[in-house]
Structures are given as C-alpha cells and as structure tokens.
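To find a chain, count down the sequence lines: A is the first, B the second, and so on, and within it residues start at 1. Just so it is clear, the model here is predicted, and its values are computed rather than measured.
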Protein chains: 2
Amino acid sequence: MKPVKVGICGLGTVGGGTFNVLKRNADEISRRAGRRIIVEEVGARRPNPDCDTKGVQVTQDIFDVATNPEIDVVVELIGGYEVARDLVMTAIENGKHVVTANKALIAVHGNEIFEAAQRKNVMVAFEASVAGGIPIIKAIREGLSANQINWLTGIINGTGNFILTEMRDKGRDFADVLAEAQALGYAEADPTFDVEGIDAAHKLTILASLAFGIPLQFEKAYTEGISKITRDDVQYAEELGYRIKHLGVSRRTEAGVELRVHPTMVPESALLANVNGVMNAVLVDGDAVGQTMYYGAGAGAEPTASAVVADIVDVVRTLTADRDNRVPHLAFQPGELSDLPVLPVEQIETGYYLRMQALEQPGVLAQVTSILGDKGINIEAIIQKETREEQVPVIILTQRVQEQKMNEAIAAIEALGAICGSVTRIRVEHLAD
Amino acid sequence: MKPVKVGICGLGTVGGGTFNVLKRNADEISRRAGRRIIVEEVGARRPNPDCDTKGVQVTQDIFDVATNPEIDVVVELIGGYEVARDLVMTAIENGKHVVTANKALIAVHGNEIFEAAQRKNVMVAFEASVAGGIPIIKAIREGLSANQINWLTGIINGTGNFILTEMRDKGRDFADVLAEAQALGYAEADPTFDVEGIDAAHKLTILASLAFGIPLQFEKAYTEGISKITRDDVQYAEELGYRIKHLGVSRRTEAGVELRVHPTMVPESALLANVNGVMNAVLVDGDAVGQTMYYGAGAGAEPTASAVVADIVDVVRTLTADRDNRVPHLAFQPGELSDLPVLPVEQIETGYYLRMQALEQPGVLAQVTSILGDKGINIEAIIQKETREEQVPVIILTQRVQEQKMNEAIAAIEALGAICGSVTRIRVEHLAD
C-alpha cells in the first residue's frame, strides 16, 4: 500500500522523540499499520542533536510543512497557544490531518479546531495531550463507549506528584522539593503551570469533554495548586489514613459537571494513593464497567512520542473510512454534545479536611463543631494535638457536603475569637461511589 | 444514519449484561456511535429473568441468529469451544461481523477464525475475552502501536487473585478460601480452569499474540496453578518484602517468547502487588512508553458487557472502512506475523524463591549454596528459621537465572541427605527491566 507521509513541526523534546521512535520502530509500526509511515519534512527553528535528519527535508518555516502538498498528516509539537493555533488551522485548511500533543491548544481552542476539521473532513488526534504515553483518550472515547461515565479523577501532572511524593517520603518542605525538581528538569523555571494546576486543568478539561460529551470549557475549571500544602498537612493526612495528591476531578451530577483541580486527600489503600513520583494515573468510574484505572509516564520524550505515533497510525487507518464512521473528536458526535453546565466550585460536593489554630481554652471545640452541625456538616474524625504552646492545632475530617455550606462554616469558624488566622482546607475524595 | 442490527447468542451472565447495557445506555451509545444499535434477535435456550426482551425476536436456535439476513453483527456469548466455534464460523460464512467474549475460543481456534474472517472481509472483535471491562486489547493493539513491546504481565484471573488476597490478609489456607469463593460465586464448582491457571493461560496467549505479533499458541503456554501455595509461603514472601500473585508473564527475548502462568513473587511496593480481591490488572513494558498499567474488574455481567458493547461500536465504525485499513485482529497485519518461537519453560529466565526443609545439622547451608554457586546462581537473601524441630525451614531468594539451571540445582539439592522431601519453588519478577 502507498506510504503515508507526515510532516513534523517542532523538534524539541517530544518532536525529537517522535522522529526517533518513527525511525527506530519503522518496521514494527508498518507491520501494524499495513503501510510505511515516512517523515517527509521537518519544520524546526534549530536542529536536535539527538536526531539524525539526514535524507529528510528540513525547514525553519513550520508553515511550509503545513502547506506542503506531499504531506498527509501534520504533527504539531511546537507547543504554546497562538502560533500552534495558526499552524493547525493552516494545516486543516490545506486538507491535512493533524496530530498534536498540545493540551493548552486543545483545551482553549479545541472547539474551534474541531469545527474546522469537521468542515474539511480531516482528523485532529490528541492522545499525547493528556497523561503522556497512557492511552487514556482512546480508553475513554472508545474502550468505555458503552458506559455512562459517572466521574473520573487523576494524577495528571507529574511534577506536582513528584513534589508531593518527596514531601511525604522525606518530610521535606514544598519550596525545597520544588527547587530540586527544577534542578532535575522535572519542573520548568517558571513552575506556575505545573504547581498551580493550570496544566492539570487543561488536561482535565479535555477528559471531561470526552467523558460527558460537553464542549471544552477550560475557562470554567476551578484550579487550586499545591504551593500552600505544608509538611504538617502531609503528616496529619497520614495519621488519618490518607495521602495528599494533586487531583483533577470531574463528576457528572444532575445539576451539571464538576470540573476542578486541587490538592485532595485520598485513602492510603486506594491504588491512586500509591501512584508515586512523576507517574500519572487516571481513574474512571462508568455505570457498566465500574472503576478502571490507567497508569504510566505522563511526560518525557519517548512516552509522549508513543502516543503521538499511535495517533498517526490511527489517522492512517481512517484515511479510507467515511467521515461519519470515524471516532468523533470529543467522543460524542458533533451534533450530540450536551449543554449540561459546568458547575461553579461552590456547587461541588466533597469531603473536607480542615486545619486550624485554636487558643488553648475551654469550649473552643464545642463552638467549632456546633457551627458545622448548624450547617448540616457531619464530622468523621477530629484530632486535637497536645502542645505546650498557647495555640493548639485542631484537625477535622468531614463527610461530603456542598462547598457553599463549607465556605459559610469556615467563615463563621474564622470569626470565632478563639480561632487564630485562617482555616486550611483540603478536599477529600473516597473514590468509592 | 441507518441503524445497525445485532443478534445476541447466549443470554446468561454476560449475554444478559450486554442486552441490558445496550438498552439502558442506548442514547449515550448512539450519541457516540452516530447511529442506533438495535438488538434484532436473541438466541438463548432459556430466558434471563433480568432481561426484558419484550419486542425482541427470541429463538432457542442460536444458528438462526447467525444466518438471519437482517443481522449485521453476531455477538457470541455462549462460551465453550465447539458449538461456539461452529456458531462463529457460520456467522462469518454468512458475512456477519462477530463480537465474542470467549477467551477459550480465541486462544484455541483464533488463528482459523481470523483467517476465515479475513477471507470474508468481516471483523471478529474480542476485547471482552481478556480482563473483562479493561480495554487492554485496544490499549496494546492501538494505544501502544508505536512500541516494540518488551514484556507484559498481569493478574488476569479474579478468582485466583481473590484467593491469594484472602490468604495473605487473613492468614487462611488455600482450601478454606476456595470453598468460600465457591460459595460466593467467584469460583466455579469445578475450579480447575481458574486455580490451575488455564483461564489465565488462554488470556495470556491472546495478549502475547497482540504484543509480539505471533500466531496464537495456547498449546505452548506453561501453566502452573496456585493450589500448592501454603500459608508459610505467603508469610515468608511478606518477610522478604514481596507478595505472591498468580501472574501471566510474556516476554520477548532474542531466542523467542516466554509464555507462562504461575504463582509469582513481586515486590510489595509494586502497584501490581497492591491489586487485590477479584480485580485484574495488566502491566505492559514498551520500548518508547516504558511501563503502563491497566486496572479494573476482570469479570462480571456489566464489566464484561462494557467491553462487548465497545467492540460492537468499534465494528460499527469500521463498516465503511476498507479492509486493509482496519485494525488487524492480532494487532499486526495477517501477512506480517512473526515466527519467533514460544520458548519451553526450561528456557525462561526469572528469579526464584526456594523453600526446603533441612535437617538441623552443620554444613547443610554450605552444601546448598555451593550447589547454587556451581550453577552460577546468585543468592539475594537467605532466611533460616530457628526451631526446636529436627527439621528447619530454609528460604532462599535468587537472582535471575535460566529455569534449566535451576531445575538442575533443585535436583541436586533434593538429592542431599540433609534435605527432606522436595524443594518448593516460586518464581520472582521484579517488574523493573
């Protein structure tokens, strides 16, 4: 069969990995795909010393790749929003199929991109945009197509998980571990995207659309980072039988879809609690299948390339299928997306861990628990630490309640004369519904 | 678009689950698939009280389903080898696509079935045949298509995992837990298929073909059950930092493919060691992606139905694709299968746990370790238990070595006058290569 010609835009970490995997595993891949996949052109501002591009056309103008009439599939691996958007739209307008690893691009511009792709009858594949080499998009979009998805949650940022794992294993501080992660190359010089949860929110936005059949709505995601987690919180969580993970959580309720990224306490016996270091994992709960989990490397040159190349093979396979029978971009047919709203964070429901400093005086605990009781919030556990200081730490674990109620309760607790400073809150998920 | 009509053969646990999921989630599924999926006919010897088949044509003759000209996709859920084989071949000869959950059928008759399907230009989908609702076949066949798979291993029999989990958690005996599993309905009245590893070997045979591009060769799988595992072994494993799991292991070496099911000690920190109860998980190591793991319910009416229905949706999607661009049955194109042989168990390489009873006399340990040393077998740990008995248990953990060498060493150890009875061996995998 005629070979398929791809053009790779961007030859950095993931671009280089993709180029090398396509070359090294060319035989294995064509034994699967039924035809050769050939890199026809590479667009990159500078060469990658790990890639031997001899015999391949190399240009500094990525738009030359997007318009090259010889090319069937354009692979966008330059990252970022604006140029990437222009590049992908140009490729689509030129009738090219597109493969991308760019989560920011899909989460923010995906609706527009898929509409253009639909119009031009081409595919845009983005498996590599979430959780690196783990085929989680394929699992949700195809493997679980029989299910009504109830909820999904995941560790979808390796840097954040590395930091939390180190804090727990070695009793270290956030800032200390972050500095090491930056030295090791796990964290960027500007770590905001990773530690403040923006990267995870991009990925969660994509997963939620696939699971629930809603348009991409990154701007409505609630995002909270891990930079305020203290060693004390990590240790109290441990005492209560929990671990703190930075989770993306999306749940379908009758009122709408929860879409939130925040530090979360999960039971230590849960498999997800035991996903450590830079690894990623996504747990999905479907009405027929129950819980399934998908685990692997969420970043890195070749793990991400694994997903990019799998997407190329998938696109190759659909070349001769009619458009209506292809797997739809967002799992559900374009006309069949749901208008179920994304809920504001005040309307989500979860359990809570609260930590506060209380003056060592009688009746404080009674005041706090009565505020919770008045709001209809049930308490699961309380720890009050012995201390010789004037202030004692009080830790409370609650059952599930709407966030709005908890906001009101926390405001009332913080107004108490015997409570010093603000109340720390970490949401709790039992992963069991 | 025109609805697709399916015929379900068999209305037992999985058949009933499939019927109900197709009905309950009909809207969700057609929002994904782009057309309605309609159950046109059900073939079953007796009705299933959990299924409301009103309005559906029901026959006791399953072959009537396989030849019904109205039907596009025949779903084989009767189980067993011979009738199932005839049914599937009849469906194929009549130009029907086939979906099956039957691991025995695929492992034993798959090569012949796929050849017939290829000839008649129809699909045979079998996601539900391995690990229930976990989309592991899709993950290996499509999600990891960029990789040369190095090895895979998995807990692919829920009954066996339930028994081993109970033995460890509660210090119970094998026979005792088996009886409970039978009472709970997790184990069949004749538990041989589950506890002796035959069911797992069926599934491993399928996974190995997909991973390595070799024909199905169930008859060459090495199969060892868990019925000889004792409470002592479980406890010694724990002391050494391991857990005993009943694993299927398949590894590609230069000489051939290892294909083996046996009790295996794995490090307690490994995620796989923490997969408990009836749950399944498969760990795959690919050259680009590294390790990925897939976890979920390996059996049950609706988890298995989840995979059956996902297969139906996949088949529906390929209806208008040309044959050459479909995902090949065994992941690699039919003409591209490899003749890499399946290795006899003597040629596999793994670590070993050995347990033996030694007479309480000087020099025994020296004799044993010198036999191992002569065979080039490196020792990782030794436990010799204090006891007041005449015989003391000796436990040895070795590094990786070829099974043939270990057989010779064990024979020599058993021939020692100071060693009583036979040596218990459990293979050890570190899951780290």
Side-chain angles (χ1 to χ4, degrees), chain A residues 1 17 21-22 24-25 28-29 31-34 127 132-135 138-139 141-148 213 271 274-275 286-297 300 302-303 305-310 313-314 316-322 324-328 331-333 336, chain B residues 1 17 21-22 24-25 28-29 31-34 127 132-135 138-139 141-148 213 271 274-275 286-297 300 302-303 305-310 313-314 316-322 324-328 331-333 336:
Chain A
M1 225 182 321
V21 168
L22 276 172
R24 185 178 72 233
N25 291 350
E28 196 96 354
I29 292 165
R31 282 176 62 206
R32 291 196 176 95
E127 178 66 77
I134 309 171
K138 181 173 285 286
R141 202 161 61 173
E142 304 171 39
L144 303 180
S145 61
N147 291 265
Q148 298 204 45
L271 217 47
N274 293 282
V275 171
D287 73 336
V289 75
Q291 294 189 5
T292 54
M293 195 180 94
Y294 308 85
Y295 164 91
E302 294 219 348
S306 171
V308 170
V309 174
V313 173
D314 269 8
V316 165
R317 290 215 164 100
T318 64
L319 288 180
T320 57
D322 71 309
D324 294 334
N325 270 338
R326 288 181 187 156
V327 181
F332 294 78
Q333 301 292 328
E336 293 285 350
Chain B
M1 226 183 316
V21 168
L22 276 172
R24 185 178 73 231
N25 291 350
E28 197 95 354
I29 292 165
R31 282 178 61 209
R32 290 195 177 98
E127 179 65 76
I134 309 171
K138 182 173 281 289
R141 202 161 61 173
E142 304 172 40
L144 303 181
S145 62
N147 291 264
Q148 298 203 44
L271 217 48
N274 293 283
V275 170
D287 71 335
V289 76
Q291 294 188 5
T292 54
M293 196 181 93
Y294 308 85
Y295 163 92
E302 293 220 349
S306 172
V308 169
V309 174
V313 173
D314 268 8
V316 165
R317 290 215 165 101
T318 65
L319 287 180
T320 58
D322 71 312
D324 294 334
N325 271 338
R326 287 180 186 157
V327 181
F332 294 77
Q333 301 292 329
E336 294 284 351

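- Across all non-hydrogen atoms, the minimal contact from Gly17(B) to Ala305(B) is C-CB, 3.4 Å.
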*Does the side-chain contact (heavy atoms from CB on, under 4.5 Å) test come out yes or no for Leu271(A) and Met293(B), once each step is laid out?*
CA-CA 11 Å; Leu271(A) 217 47; Met293(B) 196 181 93; 4.2 Å; yes
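- Taking both residues in full, the closest heavy atoms of Tyr295(B) and Ile134(B) are given as C-CD1, 3.6 Å, listed atom of the first, atom of the second, then distance.
- Counting heavy atoms from C-beta on, the side chains of Asp287(A) and Glu28(B) never come closer than 4.5 Å.
- Of the two parts of Asp314(B), only the side chain, counted from C-beta on, holds a non-hydrogen atom closer than 4.5 Å to a non-hydrogen atom of chain A.
- For the options Thr292(A), Val289(A), Val309(A), heavy-atom pairs under 4.5 Å to chain B are most numerous at Val289(A).
- Both the backbone and the side chain of Val327(B) come within contact range of chain A, judged by heavy atoms closer than 4.5 Å.
- Heavy-atom distances place the backbone of Ala33(B), and not its side chain, under 4.5 Å from chain A.
- Highest contact tally toward chain A, considering only Ala288(B), Ala139(B), Pro135(B), is held by Ala288(B) [criterion: heavy-atom pairs under 4.5 Å].
- Of all the listed residues (Gly133(A), Gly132(A), Gly143(A)), the one sharing the greatest number of non-hydrogen pairs under 4.5 Å with chain B is Gly143(A).
- Arg32(A) CZ to Asn147(B) CG: the interatomic distance, rounded to the nearest 0.5 Å, is 7.0 Å.
- Both the backbone and the side chain of Glu142(B) come within less than 4.5 Å of a heavy atom of chain A.
- Between Arg317(B) and Pro328(A), some side-chain heavy-atom pair lies under the 4.5 Å cut-off.
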